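Being a predicted model, the structure only gives us computed values, none of them experimental.
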Amino acid sequence: MATPNRLWMGLLLLGVLGVLQTPAPAQAALQPNFEEDKFLGRWFTSGLASNSSWFLEKKKVLSMCKSVVAPAADGGLNLTSTFLRKDQCETRTLLLRPAGPPGCYSYTSPHWSSTHEVSVAETDYETYALLYTEGVRGPGQDFRMATLYSRSQNPRAEVKEDFTAFAKSLGFTEEGIVFLPKTDKCMEEHP
C-alpha cells in the first residue's frame with residue numbers, strides 16, 4: 001500500500017499533468033518571412049474582434065480609423081492612429097518594439113499602463129493584414145483582439161470572410177466581431 005506522502009505526490013503529479021495537457025487558447029500564426037518595409041504606410045482599421053467588455057459595449061458606435069505605420073528612431077515602428085471620438089478627431093501614437101521573430105512587437109498601453117504583444121499573423125502587404133494582440137490589464141483581466149487592416153476603406157468580401165474565419169479560429173464569437181463603418185471624418189491624407 002502506498003504511503004500517504006507517495007499518494008499525495010502521485011495525485012499532485014496527475015494534477016500537474018492534467019494542467020499541462022489542457023489545451024491552451026488558440027494562438028495566431030505569424031506571417032512567414034515578414035517584411036517590415038512592405039508593411040509600412042497607411043492602413044484602415046476595417047474590422048475588430050475582442051473579448052473586452054468595453055469593446056462589446058461600444059462596438060456599435062465605433063467607426064473606421066486610419067493608421068500610419070512608420071519606422072521609429074529606435075528600430076521599432078510608430079503606429080499613429082487617427083479616429084473619431086466625441087465628434088472630434090483624436091490621434092495617438094504607439095511605439096511597437098520588436099519582441100521576437102519579425103512581425104512580433106510589444107507596446108505599452110497608455111490607458112492601462114500594461115504591456116501588450118501584437119503579431120502580424122497574415123498579410124499580402126498591398127490589400128490586407130490580420131493582426132492579433134494580447135495582454136493582461138490586471139488579475140483575471142486578459143485582453144485579446146484581432147484586427148483587420150486594409151489599404152482601402154472598402155475591403156473585398158473575401159478579405160472580410162478571411163478575417164471572420166481568423167477571429168473565430170482564435171475563439172472570438174460572432175457577437176465579438178465587428179466590421180467598422182466607413183467615415184469621411186478624420187481620414188485626410190496626413191496623420
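Leu95 belongs to no hydrophobic cluster with other residues, because no ILVMFWY side-chain heavy atom falls under 4.5 Å from its own, directly or through intermediates.
Take Leu30 and apply the side chain to side chain contact (heavy atoms under 4.5 Å, CB included) test, not counting sequence neighbours, and it matches Pro101, Cys104, Ser119. Every side chain to side chain contact (heavy atoms under 4.5 Å, CB included) that Leu40 has, sequence neighbours left out, goes to Val69, Pro71, Leu77. Checked against salt bridge (Lys or Arg N to Asp or Glu O under 4.0 Å), Arg85 has the following partners two or more places apart in sequence or in another chain: Glu90. Scanning for side chain to side chain contact (heavy atoms under 4.5 Å, CB included) contacts around Asn154 gives Ser152, Lys182, with sequence neighbours left out. Phe83 meets the ring-ring contact (aromatic ring centres under 6.0 Å, His included) test with no other residue; sequence neighbours excluded. A search for ring-ring contact (aromatic ring centres under 6.0 Å, His included) contacts involving Tyr107 returns His116, not counting sequence neighbours. In this structure Lys58 satisfies the salt bridge (Lys or Arg N to Asp or Glu O under 4.0 Å) test with no other residue, sequence neighbours excluded. Under the side chain to side chain contact (heavy atoms under 4.5 Å, CB included) criterion, Ser67 pairs with Thr45, Cys65, Leu79, Ser81, Tyr149, sequence neighbours left out.
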Working for side-chain contact (heavy atoms from CB on, under 4.5 Å), residues Lys185 and Leu84: CA-CA 7 Å; Lys185 295 182 180 182; Leu84 186 63; 3.9 Å; yes
Candidate pair Phe39 and Val120, rule side-chain contact (heavy atoms from CB on, under 4.5 Å), full reasoning: CA-CA 9 Å; Phe39 188 67; Val120 181; 4.0 Å; yes
Derivation of the side-chain contact (heavy atoms from CB on, under 4.5 Å) call for Phe55 and Phe143: CA-CA 10 Å; Phe55 172 78; Phe143 170 79; over 6 Å; no
Derivation and outcome, side-chain contact (heavy atoms from CB on, under 4.5 Å), residues Ser46 and Met64: CA-CA 6 Å; Ser46 301; Met64 189 176 287; 3.9 Å; yes
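In this structure, the side chains of Leu180 and Ser63 stay at 4.5 Å or more apart for every pair of heavy atoms. Phe166 places none of its side-chain heavy atoms less than 4.5 Å from the side chain of Phe172. Using a 4.5 Å cut-off on side-chain heavy atoms (C-beta onward), Phe179 and Leu48 make no contact. Counting heavy atoms from C-beta outward, Lys66 and Arg42 have side chains that approach closer than 4.5 Å. Within the 4.5 Å cutoff, the side chain of Thr123 has no heavy atoms near those of the Leu130 side chain.
A salt bridge does not link Asp74 to Arg97: none of the charged nitrogens lies less than 4.0 Å from a carboxylate oxygen.
At a cut-off of 3.5 Å, with distance as the only test, no side-chain donor of Thr115 or Ser106 sits close to an acceptor on the other residue.
Panel note: side chain Asn51, backbone Arg144; a donor-acceptor pair is recorded below 3.5 Å.
Residue pairs satisfying the salt bridge (Lys or Arg N to Asp or Glu O under 4.0 Å) criterion with at least one member in residues 163-179, sequence neighbours excluded, are listed as follows: Lys168-Glu174. Pairs engaging residues 30-41 under the salt bridge (Lys or Arg N to Asp or Glu O under 4.0 Å) rule: Glu35-Lys38 [sequence neighbours left out].
When all heavy atoms of Gly76 and Pro98 are compared, the pair lying nearest together is CA-CD, 3.8 Å. Closest of all the heavy-atom pairs between Ala99 and Glu117 is CB-OE1, 3.6 Å. When all heavy atoms of Arg151 and Gly41 are compared, the pair lying nearest together is NH1-C, 3.6 Å.
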Could you list the donor-acceptor pairs under 3.5 angstrom formed between side-chain atoms of residues 156-165 and any protein atom two or more places apart in sequence or on another chain?
from   : atom 1 : to     : atom 2 : distance (Å)
Arg156 : NE     : Glu158 : OE2    : 2.7
Thr164 : OG1    : Lys160 : O      : 3.1

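Atom OH of residue Tyr132 and atom CG of residue Leu170 lie 6.0 Å apart, to the nearest 0.5 angstrom. Atom-to-atom distance recorded for Thr183:OG1 and Phe44:CZ is 11.0 Å, nearest 0.5 angstrom. To the nearest 0.5 angstrom, Tyr105 atom OH is 9.5 Å from Leu131 atom CG.
When hydrophobic clusters are built by joining Ile, Leu, Val, Met, Phe, Trp and Tyr residues whose side-chain heavy atoms come closer than 4.5 Å, directly or via intermediates, Tyr128 is not grouped with Phe34.
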